[in-house]
Amino acid sequence: MSVLDSALPPRIALVGNPNCGKTALFNALTGSRQKVANYPGVTVERKIGHFVSPLGRRVQVIDLPGTYSLRARSPDEEVTRDVVLGRFSHEDSPDLLVCVADATNLRLNLRLVVELKRLGRPIILALNMMDAAEKRGCRIDAAALSAALGVPVVPTVAIRRGGVQPLLEQIDGAMAMAADAAENPAPCGWSEPSSRDLRAYHQEVEGLLAGCVADAGLPPLATRRVDAVLLHPVFGLAFLFLVLFLMFQAVFAWAEAPMNLIDGAVSGLKDWVAATLPDGALRSLLTDGIIAGVGSVVIFLPQILVLFFFILVLEATGYLARAAFLLDRLMGGVGLHGRAFIPLLSSFACAVPGVMAARTIENRADRLATIMIAPLMTCSARLPVYTLLIAAFVPDRPLLGGLVGLPGLVMFALYAAGILSALAVAFVLKGTVFKGAREPLLMELPAYRLPNPRDIALGLFERAKVFLARAGTTIFALMIVMWFLASFPGAPEGATEPAIQYSIAGMIGHALEPLLAPIGFTWQIAVALVPGIAAREVAVGVLGTIYALSDSGDALQSSLAGALAASWSLPTALSLLAWYVFAPQCVATLSVVKRETNGWLWPAVMFIYMITLAYGASFVTYRVASALL
Amino acid sequence: MSGHPTPETGQSHGGRHLGELKKGERARVTGVDERGVVTTLPEGELERRMIEMGLVEGSHVEVLHEAFPGRDPIAIRVNEHTLALRRAEARAVLVAPAA
Ligand SMILES: Nc1nc2c(ncn2[C@@H]2O[C@H](COP(=O)(O)OP(=O)(O)O)[C@@H](O)[C@H]2O)c(=O)[nH]1
Ligand SMILES: [Mg+2]
C-alpha cells in the first residue's frame, strides 16, 4: 500500500453543487481539526482539515467552493476546477474526489458527477441529505446507481451524528484503489464541453435516473409555500427589511456587553503594564502603541461575530439567495447584480470580509463595481468617531413626540449618506468604466433547511480566527509604526503643548493643516488623521492624547466629547462627520482590494475617488454650515 | 415521465419563450437559442449555462414567483429544483405548452 508508506497523508477533495452540504460534510468529518488558508496567488480561501480513517490512516480533506460545472465562471469556481484538475503547480491533484450530491435533487447534481467521472480519476459519490430525501418519499437504489456509474455510492446525512459513517467505511477501500490507480494514472483529460456534450451528459443522467430512482418523491411543498410569502413583491420585501433591521439592532444590542468586557480588559492590562514597568519608551510602546492600538481593533470582534452569525444563518437556511432575488431588479437600477447584496451587507461590519465576499460575483466588471463601493457602507470602525462627535455636538432633543431622538436621526442620516453615495458611485461606474449589460442571473433557490448549530459555530470560530490573526499581524505592525511616528522625536524640555505635537505625526499634521483649513479642520484634527489612516477608529484615541486626557474607553469618550464641544465649531464637527463618511482611511481595506484585484490600479482608484469625495463633501458641508449657522 | 428531449433547436415551436410566461404557467422546454438575447457573455456561453442549470429540451418548467418591480426576475421550477433568472435572459429558452 503505497499510500500508507508515503510521507504525505492522502488527500481527498469534496466537490459538488452549491448547497448540497459539502461544508456540513467537511465539518462532520473533521470536527475542529480544520483551518483556513489562502491559495497562493489567488485569494480564495482554502479550507483544509484532517481526520483518521477506520483503518487508522490520517487523511487530509479539502472543502472546495461549490460549482455546477468545471467550466468555471467565478474566481471561486476556478479554484475548484484547478484543484480537481491538478493545475496548481505547488500541489498535486487530490488522491480521491468525493462528489457530494443532494439526494433530493439528483437530476441537477448528477450532471456534475457525470462530468467529473469522465476525468478518469478515483471518485466516491456521497448521496447527502438522505434524511430529507426519505421524508419526501424518494426511493433511490444506491447499488444500481453505483453499478451504472461504476463508482462507489454511499448515502450520508451530514448533519446527523454517525451520518457520515457509510462514507468513512468506504474511504479506506477507495483510497487503496486510488493508490493503485496512481501507479498507472489515467491521463487527466478535460476540455471545455460544448453544448452538445452538455446535452449528452443530460441524456446520461436521464438514463441513470430511469434505472436507479424508483420514485422521485414529492417536490418540496413547504419551501414553495414559504416562498409564496417570502418572495411576495410586497410582503417579501417587507420581511427582508425587517430581517435587516433586526440584524443591525442585534449588532449593536448583543455586542454591547462583550465590547464593554473587552474594553475593561484592555484598560486593565494597560494599567497593569503601566504600573509594572518603569516610565520610558518601552512602557509607552506597550501601553499606548500595542495594547491600545490592537485593543481598539479587537473591540469590534463582538460586532463582527454577531453580523456573521446572521449571515451564516441566513445563508444556511437558503434565505440569502432569496434576498439576492428580491433585490436584483432594485439593485439593477444602478447596474449592480443581485448577488452584490451579500458583500455590501458584510461591509457594514467591515469592508474587508465584504470585499472578499464579492468573489461569488462571476462577472469581473460587476465584481469590481461592488468592491469599489463596499467601503462606503458604514463599517463598525466609523462608529466610535460618529458616537463621539454626535455626543459632543448634537443635542439630545426628542423629535416626533419622543419617537426618535435627534442623535439617532443624525446617526441614521450618516448611514443613509453612505448607502446613497455608494449607489450613486455604482451608477456612475456602471455607466462609464464598467459599461455593458449585467451578468445574467442564473441562481438556484435551494430548498429551505434548518441550519445546523455545529456548522454555524465552526463558521463563526473560523471568522474569529481570521479577524484576530489580522489584528495580531498587520494591525499590530501598523500600530508600532504609528506609535513611532507619534512619539518621536519627543517633546523638548519645558514644552507646554502635548508631546505628539512635536513628533513626526505632529509635523505631518501641521504640514497638512493649510490643505485642510478650507474644510474647517484644526491642526489637532490633522494630527489625528495621520494615525487614523491606519484604522479609522484610532483617531479617537489620538484626539484623546492631544487634548491631554488620560481616561480610556467610555470615560474618554464622554470627557473628550466635552473638550471637543468647547474647542470646535459646529461646522467643523459636521465637516469631520462628512469626511468620515467617505475618507479611505483603512489600510486593511486597501490591501485586501489589492489582493483581490491583483494589482495596485484598483486600490489606487479607490483611494483617489474616496479622498476626492471626502474633501468635496467636507468642503460643501463646512461652507454651507458656516453660512447657515 | 421525463418527456422526449428533442436534440436540436431547429424544430418549429409555438414561438413562445420562457421570458413571457406568467406566474403559474407551466410549459415544456423545446430548445435553447440565445440569439437575440443581449448579454456580456461570449457566444454560446448563455446556452451552455442554461443547460447546466437544467434548462434543456424536455425539462418541465413552471413560473412560481415574480419579483418586484416589473415582475422580474422570475423564480421557476425546473423539474425538481427552483431557479431564479431574469426575463431578458429567459427569452433564450423556447417552450411549448405542457402536455
Ligand atoms: N436535512 C439535511 N440538511 C443538510 C444535510 N447536509 C447539509 N444540510 C444543510 O444544508 C444546508 C447547506 O449546507 P452546506 O454545508 O452549507 O452546503 P455547501 O454549500 O455545499 O457547503 C445547511 O443548512 C445544512 O445544515 C443533510 O444531510 N440533511
Ligand atoms: Mg460550503
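Residue numbering restarts at 1 for every chain, and letters A, B, ... go by the order of the sequence lines.
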Distance, nearest 0.5 Å, that separates CZ of Phe325(A) from CZ of Arg86(B): 11.5 Å
Contacting moiety of Leu106(A), where chain B heavy atoms sit under 4.5 Å: neither
With His81(B) via ring-ring contact (aromatic ring centres under 6.0 Å, His included) - residues at least two apart: none
CG-CG distance between Leu64(B) and Asp227(A), expressed to the nearest 0.5 angstrom: 8.0 Å
Sequence-distant partners of Phe341(A), ring-ring contact (aromatic ring centres under 6.0 Å, His included), two or more places apart: none
Greatest number of heavy atom pairs closer than 4.5 Å to chain B - which of Ala228(A), Gly236(A), Gly338(A), Pro220(A): Ala228(A)
Best-contacting candidate, Asp328(A), Leu209(A), Asn363(A), Val234(A), against chain B by heavy atom pairs under 4.5 angstrom: Asp328(A)
Among the listed options Val37(B), Leu41(B), Leu55(B), the residue most often paired with chain A at heavy-atom distances under 4.5 Å: Leu41(B)
Partner set under salt bridge (Lys or Arg N to Asp or Glu O under 4.0 Å) for Arg81(A), not counting sequence neighbours: none
Spacing of Leu231(A) atom CG and Ile74(B) atom CD1 [to the nearest 0.5 Å]: 12.5 Å
Pairwise side-chain contact, Arg71(A) with Glu45(B), heavy-atom cut-off 4.5 Å (strictly under): yes
Chain A contacts, top residue of Gly70(B), Pro73(B), Gly54(B), Ala75(B) (heavy-atom pairs, under 4.5 Å): Pro73(B)
Chain B interface, residue from Leu108(A), Thr104(A), Asn105(A) that has the most non-hydrogen pairs under 4.5 Å: Leu108(A)
Interatomic spacing from CD in Glu115(A) to CD in Glu52(B) - rounded to 0.5 Å: 7.0 Å
Whether Arg329(A) side chain and Phe68(B) backbone form a donor-acceptor pair below 3.5 Å: no
Min side-chain heavy-atom separation His65(B)-Arg322(A) under 4.5 Å: no
Glu80(B) with Arg136(A): basic N within carboxylate O range, under 4.0 Å: no
Qualifying residue, where the test is side-chain hydrogen bond (donor to acceptor under 3.5 Å, both in side chains) with Glu57(B) and the options are His202(A), Arg199(A), Gln203(A): Arg199(A)
Proximity of residues 441-450 of chain A to chain B, residues having a non-hydrogen atom under 4.5 angstrom: Leu441(A), Leu442(A), Met443(A), Glu444(A), Leu445(A)
Side chain, backbone, both or neither of Leu83(B) within contact of chain A (heavy atoms, under 4.5 Å): both
Option that, when pairs with chain A are counted at under 4.5 Å, heavy atom only, ranks first among Val38(B), Leu46(B), Thr40(B), Val78(B): Thr40(B)
Distance in Å, Ser194(A) OG paired with Ile51(B) CD1, rounded so as to fall on 0.5 Å steps: 8.5 Å
CD/Glu43(B): more than 12 non-hydrogen atoms of other groups inside 6.0 Å: no
Distance (rounded to the nearest 0.5 Å) between Thr39(B) OG1 and Arg438(A) CZ: 13.0 Å
